[in-house]
Amino acid sequence: MNKPGSAPGPDFVRAIVAEDNRTGKWGGRVVTRFPPEPNGYLHIGHAKSICLNFGIAQENPGGVCHLRFDDTNPCKEEDEYVESIKENVRWLGFDWGKHLYYASDYFEQLYQWAVKLIEKGRAYVCDLNADQIREYRGTLTEPGRESPYRNRPVEESLDLFRRMRAGEFEEGSRVLRARIDMASPNLNFRDPVMYRILKVAHHRTGNQWCIYPMYDFAHGQSDSIEKVTHSICTLEFEDHRPLYDWYLEQLEIYHPQQIEFARLNLSYTILSKRKLIDLVEGNYVSGWDDPRMPTISGMRRRGYTPEAIRAFCNRIGVSKSDSLIDIALLEHHVREDLNLRSPRVMGVLDPLRVEIINYPEDTVEELEAVNNPEDPAAGTRNIPFSRVLYIERDDFMEDPPKNYYRLAPGREVRLRYAYYITCREVIRDEQSGALTGLRCTYDPQTRGGGSPDGRKVKGTIHWVSAAQAVEAEVRLYDHLFSRENPNEVEEGGNWTDNLNPDSLKVLPACRVEPSLAGAAPGERFQFERKGYFCLDPDSRSGRLVFNRTVTLRDTWAKILKQQQGGEESK
RNA sequence: UGCCCGAUGGUGUAACUGGCAACACGUCUGACUCUGGAUCAGAAGAGUCCAGGUUCGAGUCCUGGUCGGGCAGCCA
């Protein structure tokens, strides 16, 4: 049972590791690995795996976690991706130490092992083409047929395989296959391809090879070479485990244990590498680090912290059942972390001009504001106040509903850290009638936000002094998809139909307090009452650009929604 | 019409070798508050996919179903 406030109990993977430690199965060693293919950017689903693998290594004395690039398919893999992956893993707070590996480092050994299997009569060179191999494989319900090349003499396969390596044959003309069982109910056993000819330069080995091992023939052996104890992967490899085991047994080499867990699914989010590539290449987003992307780079740019992502990964647990995790849980952890560490600041996203008619024209005074109520050590700062201010447009309503306790004609509110003001006059554009500003009076007795007469003011709103405010662009983000499960598509539709047209809203003319002028890209702030924001690298001097990381919890929005919902249902 | 895996409040995850289901998110109340934030206090919400069986006792074990997911790349 869980105790109140405690972390979830150990998941089934950790339970296996603990049991193995108890029985001494691996002599007390714990070696895991995170094995990305460098063909795309890491996303939150990978973060789950990273936290699991590196986490288990950290939790066990002497445990280590390797970072190994599974680079067996040169057609899709690039250095750009390996660099981004390394950076992302580091940013998440994990360290592989000296244990950085590449499957491509093992190509020669893998080749030798392939030769060994041929010699044992457990592999053969097959001259069938791709279509024929598919045909011969059979179907889910029918057994396959044996390749006519299956019983070719060992010497002949050996010679052919050597010549495949030497580049004597065309791409696709031959493959090396394991010789297992064409009638196996597990399709992975129907003489799986071990090597294919690919006359493509590899990002690390260049043109040294023109044959490349398949995942199944590389992964287990790589684990074996590295003396991995627990090879943790996702559920879709469950059917591959018998083959993983088969190769290691046939080769008679060190044999790690493969354990599979369910991959992460997040509501309103897509986590298929393929589809993420489509989003980038189709220009649906600005790039891999678009703040709406579920990539580590995107979340980082958005303002998420590694601590928040790790806390999220710990909270969701690890199991074998398919699930769809509510993105609200991720956002909860982001808020929880940011609340403690973000300096508070005032920024007006949709400015409405306010003139304090009884405040002197040329005076500017400095008012003291608390930087972070959650952290007294963060200290205070001064913010300028003067006759002309901006407040948030929706902090004023001409005809407010019940429960609205901000500014309205004749009503008094508190300007945070400043004075009480009362709305005296509404100014409109003569042509359009649009609201262009307010005239208010202030009560000089309320400097700093308190009143000597103890009069209660329910509403407190944020503001900036017009003359000193800094102009900024603010980018508001919403879920990239408007459907909880973006993979659910109407008949004849496409998953991109589920893209949320309002996932990005750019506000070009926001005003923020002057203390923000010197902020550095990546710096995070709470704009009081609005949310958490992070300075985007697109900022230039004199042109600040902020990304909204996540809103604050908004009770008022909830009340509004309820009221509207109530009206609709009537 | 094959093989593998899974099924616990709205969501996710727990419940040591069987002892009348817990934690977190979300939801709802209330308190407090110079952020309708944070914090604090409290509430509702599942009888564990179904049917049998074993047992004094089953979410945990057995049998048979149902539903969901994965697998027919020279991708990983």
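Reminder, nothing fancy here: chain letters follow the sequence lines and each chain counts from 1.
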*Assign each of A:Leu140 and A:His332 to its nearest nucleotide of RNA chain B by heavy atoms, then name whichever residue's nucleotide is nearer the 5' end.*
A:Leu140
_Basic-acidic side-chain contact under 4.0 Å: A:Glu37, A:Lys76_ = no
_At 4.0 Å (heavy atoms only), tell me whether A:Leu340 reaches a base, stays on the sugar-phosphate, or touches nothing._
nothing
*Could you pull out all residues at least two apart from A:Phe481 that satisfy ring-ring contact (aromatic ring centres under 6.0 Å, His included)?*
none
*Give A:Arg335 one of three labels, base, sugar-phosphate or nothing, depending on what nucleic acid heavy atoms sit under 4.0 Å from its own.*
nothing
*asked:* What's A:Asn188 touching, base or sugar-phosphate or nothing? Going by heavy atoms closer than 4.0 Å.
replied: nothing
*A:Arg196, A:Met194, A:Arg165 screened by side chain to side chain contact (heavy atoms under 4.5 Å, CB included) with A:Leu176, the one that passes*: A:Met194
_Non-neighbouring partners of A:Asn265 that pass side chain to side chain donor-acceptor pair (under 3.5 Å), sequence neighbours left out_ = none
*Give one of base, sugar-phosphate or nothing for A:Gln526, where a contact means two heavy atoms less than 4.0 Å apart.*
base
*In terms of base orientation, is B:rG47 syn or anti, with the syn window spanning 90° either side of 0?*
syn
*Could you give the distance from OH (A:Tyr405) to CD1 (A:Ile461), rounded to the nearest 0.5 Å?*
13.5 Å
*Looking across every strand, which nucleic acid part, if any, lies under 4.0 Å from A:His333 by heavy atom: base, sugar-phosphate, or nothing?*
nothing
*Taking atom C1' in both B:rU48 and B:rA22, what distance in whole Å separates the two?*
13 Å
Atom pairs and distances, donor-acceptor, side-chain atoms in residues 552-560 of chain A, under 3.5 Å, two or more places apart:
from     : atom 1 : to       : atom 2 : distance (Å)
A:Asp554 : OD1    : A:Trp556 : N      : 3.2
A:Asp554 : OD1    : A:Ala557 : N      : 3.0

*Glycosidic conformation of B:rG26, taking syn as within 90° of 0 and anti otherwise*: anti
*Reckon A:Arg137 has a side-chain N or O less than 4.0 Å from the OP1 or OP2 of B:rG2?*
no
_How many whole angstroms separate atom CD of A:Glu528 from atom C1' of B:rG37?_
9 Å
_Note: A:Arg134-A:Asp131 ion pair, threshold 4.0 Å (strictly below)_ = yes
*asked:* Under 4.0 Å, heavy atoms only, any strand: does A:Arg177 hit a base, just the sugar-phosphate, or nothing?
replied: nothing
*Could you tell me whether A:Tyr212 contacts a base, only the sugar-phosphate backbone, or nothing, with contacts defined as non-hydrogen atoms closer than 4.0 Å?*
nothing
_Rounded to whole Å, how long is the line connecting atom NE2 of A:His462 with atom C1' of B:rG36?_
13 Å
*With a 4.0 Å cut-off on heavy atoms, is A:Val318 in touch with a base, just the backbone sugar-phosphate, or nothing at all?*
sugar-phosphate
_Charged N-O contact under 4.0 Å between A:Arg68 and A:Glu226_ = yes
*Looking across every strand, which nucleic acid part, if any, lies under 4.0 Å from A:Tyr195 by heavy atom: base, sugar-phosphate, or nothing?*
nothing
*Whole-Å distance between B:rC3 P and A:Glu142 CD?*
15 Å
List the atom pairs, donor and acceptor, that lie under 3.5 Å between side-chain atoms in residues 339-351 of chain A and the rest of the protein, sequence neighbours left out.
from     : atom 1 : to       : atom 2 : distance (Å)
A:Asn339 : OD1    : A:Arg344 : NH2    : 2.8
A:Arg341 : NH1    : A:Glu307 : OE1    : 3.1
A:Arg341 : NH1    : A:Asp337 : OD1    : 3.3
A:Arg341 : NH1    : A:Asp337 : OD2    : 2.9
A:Ser342 : OG     : A:Leu338 : O      : 2.8
A:Arg344 : NE     : A:Gln526 : OE1    : 3.4
A:Arg344 : NH1    : A:Asn339 : O      : 2.9
A:Arg344 : NH1    : A:Ser342 : O      : 2.8
A:Arg344 : NH1    : A:Asn372 : OD1    : 3.0
A:Arg344 : NH2    : A:Asn339 : O      : 3.3

*Give the B/S/- string for nucleotides 27-32 of chain B, one per nucleotide from 5' to 3', where a protein heavy atom under 4.0 Å of the base yields B, of only the sugar-phosphate yields S, and otherwise -.*
SS----
_Which residues pass the ring-ring contact (aromatic ring centres under 6.0 Å, His included) test with A:Phe217, not counting sequence neighbours?_
A:Tyr195, A:Tyr247
*Taking atom P of B:rC75 as reference, at what distance in whole Å does atom NE2 of A:His202 sit?*
13 Å
*With heavy atoms under 4.0 Å as the rule, sort A:Thr139 into base, sugar-phosphate or nothing.*
base
*Would you classify A:Asp216 as touching base, sugar-phosphate or nothing, given that sugar-phosphate means primed atoms plus P, OP1 and OP2, and contacts are heavy atoms under 4.0 Å?*
nothing
*So, is A:Arg196 near the phosphate of B:rG73, with a side-chain N or O under 4.0 Å from OP1 or OP2?*
no
*asked:* Ignoring hydrogens and geometry beyond distance, is the side chain of A:Asp239 in donor-acceptor contact with the base of B:rG70 at under 3.5 Å?
replied: yes
*According to the Watson-Crick and G-U wobble definition with distances under 3.5 Å, which dot-bracket string, read 5' to 3', encodes RNA chain B, using [ ] for crossing pairs and | for pairs with another strand?*
.((((((..((((.....[..)))).(((((.......))))).....(((((..]....))))))))))).....
*Where the side chain of A:Arg315 is defined as all heavy atoms beyond and including C-beta, which of B:rG70, B:rU11, B:rA24 is the nearest nucleotide?*
B:rA24
_All side chain to side chain donor-acceptor pair (under 3.5 Å) counterparts of A:Arg406, not counting sequence neighbours_ = A:Asp395
*Distance check: side-chain N/O of A:Arg344 vs OP1/OP2 of B:rU35, anything under 4.0 Å?*
no
*Got a sec, which residues hit side chain to side chain donor-acceptor pair (under 3.5 Å) with A:His203, two or more places apart in sequence or on another chain?*
A:Asp71, A:Asp79
*Nearest-nucleotide 5' precedence on RNA chain B, A:Ser319 against A:Ala130*: A:Ser319
*Counting any heavy atom closer than 4.0 Å, what does A:Ser267 reach on the DNA or RNA strands: base, sugar-phosphate only, or nothing?*
nothing
*asked:* Does A:Val175 reach a base, just sugar-phosphate, or nothing at all? Heavy atoms under 4.0 Å.
replied: base
*asked:* Under 4.0 Å from OP1 or OP2 of B:rG36: is there any side-chain N or O of A:Arg529 that close?
replied: yes
*For the pair made of CG in A:Asn371 and C1' in B:rU35, what is the distance, rounded to whole Å?*
14 Å
*Nearest-Å distance once atom P is located in both B:rG69 and B:rG30*: 42 Å
*Think A:Ser323 has a side-chain N or O under 4.0 angstrom from the OP1 or OP2 of B:rU11?*
no
*With sequence neighbours excluded, what pairs up with A:Glu80 under the salt bridge (charged side-chain N to carboxylate O under 4.0 Å, His left out) test?*
none
*asked:* My understanding is that only residues two or more places apart in sequence, or in another chain, count here; which of them pass side chain to side chain donor-acceptor pair (under 3.5 Å) with A:Asn73?
replied: none
*For the pair A:Arg529 and A:Glu392, evaluate salt bridge (charged side-chain N to carboxylate O under 4.0 Å, His left out) and give the outcome as yes or no after the intermediate values.*
CA-CA 10 Å; A:Arg529 307 206 304 134; A:Glu392 206 69 63; over 6 Å; no
*Just how far, in rounded Å, is P of B:rG36 from NZ of A:Lys530?*
10 Å
*Name the nucleic acid region contacted by A:Leu128, choosing base, sugar-phosphate or nothing; use a 4.0 angstrom heavy-atom cut-off, strictly under.*
base
_A:Phe237 CZ - B:rC3 P separation (whole Å)_ = 23 Å
Can you tabulate the close N/O pairs, meaning under 3.5 Å, that link protein atoms to atoms of nucleotides 6-9 of chain B?
none

